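Not measured: the values here are computed from a predicted model. Just so you know, residue 1 is the first one in the sequence shown, and it goes up from there.
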Amino acid sequence: MTPLVAGVSSPRARLFTCFLRLGAQQAGPLQLHTDTGLAAKNHYEVLVLGGGSGGITMASRMKRRVGAENVAIVEPSERHFYQPIWTLVGAGAKQLSSSGRPTASVIPSGVEWVKARVVELNPDKNCIRTDNGKEISYRYLIIALGIQLDYEKIKGLPEGFACPKIGSNYSVNTVEKTWKALQDFKEGNAIFTFPNTPIKCAGAPQKIMYLSEAYFRKTGNRPKANIIFNTALGTIFGVKKYADALLEIIQERNLTVNYKQNLIEVRADKQEAVFENLDKPGETQVLSLPSQESSTGQFLRL
């Protein structure tokens, strides 16, 4: 699930008091928003930055609180994606097309869609500036811009995605490569990674690993698959109760887990992945195919 950041320009208590004073307005039956023009106004009671799942949800809530005409969403994309489905897309259980729909269809009815990108925040003046030069002021601001994909922080990426055995479930451009790699897999290393940075869904790297392991069993390739989970964290999960349960599954399914291992380089030409030991900076480990000439073998999922 996509992690989103929400913020307001005043304490929660003040926001809640304002909403009570304005009076709650119940939303009518859901209608599709079809107006994709720029905002007709320069000021809104509530301005939401980001038209992902978080931004749409918050805009819908604020609409009920302050009225649709007092809420706007700033979002440049013409297409909205429900990204949690992408793990299932990578596992072959869902089609990529099922995750997307026109942004206009998910904007709450009556809420203004500002089809632009935010380039500047000015909290001192309670306003933002968009990439088309428009300034919009607000009384309350909700930031739901999600997480930027910084694949270039890993040496060899994003150009390494040209290799059919390297992919990522976090991008609409690469998620289908996971399913293709699973179908083509015959033997070797299957490497799944958890980076040393914030990510959209902390459980996604494990979920695709478990789904891949199940697929290998279904196709009869499990005995030839060396499934590796390299995580930058020091534990499999932050809550002990669930970590203990996951460790039992990992043991039952004979999965290899290496902690404090961060992917720092991808060598697509050599089919190698380089990991740094976070407990011993500078110490690296290279994972590669037993035979570089093999037409089958490892794939890497970020």
Side-chain angles (χ1 to χ4, degrees), residues 2-3 52 76-79 81 83 85-87 89-92 96-97 99-100 117 119 131 145-202 204-209 211-212 225-233 258 260-278 281-302:
T2 305
S77 302
E78 290 276 2
R79 196 154 182 81
F81 288 98
Q83 298 182 32
I85 291 180
W86 288 351
T87 298
V89 173
L96 180 60
S97 58
S99 70
R117 186 178 301 277
V119 296
D131 56 356
L145 295 172
I147 286 183
Q148 177 175 303
L149 296 173
D150 286 334
Y151 290 125
E152 62 273 9
K153 290 184 179 296
I154 300 172
K155 186 177 180 180
L157 292 182
E159 59 271 20
F161 286 130
C163 173
K165 297 181 181 181
I166 301 173
S168 172
N169 280 0
Y170 288 110
S171 170
V172 67
N173 299 316
T174 57
V175 61
E176 291 180 300
K177 294 183 62 183
T178 302
W179 176 230
K180 180 64 166 59
L182 287 177
Q183 292 175 297
D184 293 342
F185 187 90
K186 297 297 184 294
E187 62 180 1
N189 293 333
I191 308 169
F192 303 85
T193 71
F194 189 108
N196 189 31
T197 62
I199 60 175
K200 295 182 181 183
C201 174
Q206 284 190 69
K207 287 189 286 185
I208 188 58
M209 174 177 66
L211 289 166
S212 297
N226 181 27
I227 300 177
I228 302 170
F229 185 64
N230 274 13
T231 172
L233 302 179
N258 299 313
K260 292 300 186 74
Q261 296 293 315
N262 185 46
L263 180 67
I264 60 172
E265 183 180 358
V266 172
R267 301 167 181 168
D269 56 336
K270 298 180 179 179
Q271 296 188 58
E272 294 178 341
V274 183
F275 294 86
E276 181 180 29
N277 185 339
L278 295 178
E283 180 179 296
T284 61
Q285 177 191 30
V286 179
L287 296 180
S288 62
L289 291 173
S291 171
Q292 299 300 334
E293 288 74 30
S294 174
S295 60
T296 62
Q298 81 176 21
F299 68 85
L300 176 68
R301 283 298 161 268
L302 285 69

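Inter-residue side-chain proximity for Ile264 and Phe275 is flagged as unmet; no heavy-atom pair is nearer than 4.5 Å. In this structure the side chain of Phe192 reaches within 4.5 angstrom of the side chain of Ser212, judged on heavy atoms.
Here CG of Asn262 is found 7.5 Å from OG1 of Thr197. Values are rounded to the nearest 0.5 Å. Here the OG1-CG distance, from Thr231 to Leu278, works out to 9.0 Å after rounding to the nearest 0.5 Å. In this structure, CD on Glu159 lies 9.5 Å from CD1 on Ile166, to the nearest 0.5 angstrom. To the nearest 0.5 Å, atom CD of residue Glu272 and atom CD of residue Gln285 are 11.5 Å apart.
In this structure, the side chain of Ser171 does not engage the main chain of Ser168 through any donor-acceptor pair within 3.5 Å. When atom types are taken as modelled, the side chain of Asn189 and the backbone of Ser288 share a donor-acceptor pair closer than 3.5 angstrom. With hydrogens and angles disregarded, no donor-acceptor distance shorter than 3.5 Å links the side chain of Lys155 to the backbone of Val274. In terms of modelled atom types and a separation under 3.5 Å, the side chain of Arg267 and the main chain of Gly156 share no donor-acceptor contact. A distance-only check finds a donor-acceptor pair linking the side chain of Glu276 to the backbone of Gly282 [under 3.5 Å].
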Given side chain to side chain contact (heavy atoms under 4.5 Å, CB included), test Glu176 with Trp179 step by step and report yes or no. CA-CA 6 Å; Glu176 291 180 300; Trp179 176 230; 5.9 Å; no
Quick one, Asn230 with Gln261, criterion side-chain hydrogen bond (donor to acceptor under 3.5 Å, both in side chains). Give me CA distance, side-chain angles, the key distance, then yes/no. CA-CA 6 Å; Asn230 274 13; Gln261 296 293 315; 4.8 Å; no
| query | ring-ring contact (aromatic ring centres under 6.0 Å, His included) between Tyr170 and Tyr151: does it pass, once the steps are laid out? | reply | CA-CA 10 Å; Tyr170 288 110; Tyr151 290 125; 8.1 Å; no
| field | Verdict with reasoning, Ile147 to Ile199, per side chain to side chain contact (heavy atoms under 4.5 Å, CB included) | value | CA-CA 7 Å; Ile147 286 183; Ile199 60 175; 5.6 Å; no
Review point. Going through the checks in order, is the side chain to side chain contact (heavy atoms under 4.5 Å, CB included) test met by Thr193 and Ile191?
Key: CA-CA 7 Å; Thr193 71; Ile191 308 169; 4.3 Å; yes
Query - Criterion side chain to side chain contact (heavy atoms under 4.5 Å, CB included) on Leu96 and Val175, from CA distance to verdict - result: CA-CA 8 Å; Leu96 180 60; Val175 61; 3.8 Å; yes
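Other residues, nucleotides and ligands place no more than 12 heavy atoms under 6.0 Å from the CZ atom of Arg117.
Scanning all heavy atoms of the two residues, the minimum distance from Gly90 to Ile208 falls at C-CD1, 3.9 Å. Here the closest heavy-atom approach between residue Phe194 and residue Pro205 is recorded as CD1-CG, 4.0 Å. When every heavy atom of Ala181 is checked against every heavy atom of Pro164, the shortest pair comes out as CB-O, 4.3 Å. What you find for Phe185 and Ala225 is that their closest heavy atoms are CE2-CB, 3.6 Å. The two residues Ala273 and Leu263 make their nearest non-hydrogen contact at CB-CD1, 3.9 Å.
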